[in-house]
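Because the structure is a prediction, the values reported are computed rather than measured.
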Amino acid sequence: LYLVSQFGREMVDELFWRMQMLILRSLFSVQHVMINDKHCFELYGYDVMIDDTLKPWLIEVNASPSLSANTKEDYDLKCEMLNDLL
């Protein structure tokens, strides 16, 4: 809501589209070394920084992101993410 109030819905939608493209391009660049097993999956954690013009910058990709939680909000967010994933 904050970004929409500051930049408008159209620019925020563009930001999220660019983030999706950033993630897809990073996966395409390493697809030849990724394990391809239809009986399992892997969770990746993406660290993305957004600059003052709403341009996303990839900082790093974690192959085993931490699922530990320090706060109730963090716990709720990660539980919801896992529910969506499974």
Side-chain angles (χ1 to χ4, degrees):
L1 292 175
Y2 173 77
L3 289 176
V4 172
S5 71
Q6 297 297 309
F7 296 96
R9 169 66 63 192
E10 190 173 306
M11 288 187 69
V12 173
D13 287 346
E14 175 75 15
L15 165 66
F16 279 90
W17 182 83
R18 287 182 181 202
M19 289 173 64
Q20 290 173 11
M21 293 302 101
L22 183 142
I23 291 167
L24 285 173
R25 287 181 185 124
S26 72
L27 290 171
F28 288 146
S29 72
V30 295
Q31 69 183 354
H32 64 282
V33 295
M34 294 175 72
I35 296 171
N36 187 9
D37 185 346
K38 65 181 178 180
H39 302 293
C40 64
F41 65 90
E42 188 162 0
L43 175 68
Y44 294 98
Y46 279 75
D47 292 342
V48 177
M49 184 171 55
I50 302 167
D51 69 17
D52 59 348
T53 65
L54 293 188
K55 180 178 180 180
W57 296 86
L58 179 61
I59 304 301
E60 68 176 345
V61 180
N62 299 300
S64 298
S66 171
L67 295 179
S68 63
N70 299 325
T71 65
K72 181 182 178 342
E73 292 81 7
D74 193 25
Y75 177 83
D76 291 344
L77 177 74
K78 290 176 180 172
C79 284
E80 289 177 27
M81 180 272 305
L82 289 172
N83 281 333
D84 288 345
L85 178 71
L86 299 174

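- With a 4.5 Å cut-off on side-chain heavy atoms, Leu86 and Phe41 count as touching.
- Here the straight-line distance linking atom OG1 of Thr53 with atom CE of Met11 works out to 7.5 Å at 0.5 Å rounding.
- Residue-environment remark: CZ (Phe7) exceeds the threshold of 12 foreign heavy atoms within 6.0 Å.
- Shown here is Ile35, whose CD1 atom has no more than 12 heavy atoms of other residues, nucleotides or ligands within 6.0 Å.
- Using a 4.5 Å heavy-atom threshold, the side chains of Phe16 and Val12 count as touching.
- Within the 4.5 Å cutoff, the side chain of Arg25 has no heavy atoms near those of the Leu58 side chain.
- The nearest pair of heavy atoms linking Pro56 to Met19 is CB-CG, 3.7 Å.
- A pairwise comparison of heavy atoms in Pro65 and Gly45 identifies CG-N, 3.7 Å as the closest pair.
- More than 12 heavy-atom neighbours from other residues, nucleotides or ligands sit within 6.0 angstrom of CD on Gln6.
- Taking a 6.0 Å sphere around CG of Leu1, one finds it holds 12 or fewer heavy atoms contributed by other residues, nucleotides or ligands.
- Note: the hydrophobic cluster containing Leu15 also contains Tyr2 (ILVMFWY, side chain heavy atoms under 4.5 Å, direct or indirect links).
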> Taking it one step at a time, do Leu67 and Leu82 satisfy side chain to side chain contact (heavy atoms under 4.5 Å, CB included)?
Replying inline: CA-CA 9 Å; Leu67 295 179; Leu82 289 172; 4.2 Å; yes
> Does the side chain to side chain contact (heavy atoms under 4.5 Å, CB included) test come out yes or no for Arg18 and Leu54, once each step is laid out?
Replying inline: CA-CA 10 Å; Arg18 287 182 181 202; Leu54 293 188; over 6 Å; no
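- Remark: Tyr44 OH is packed, more than 12 non-hydrogen atoms of other residues, nucleotides or ligands lying under 6.0 Å away.
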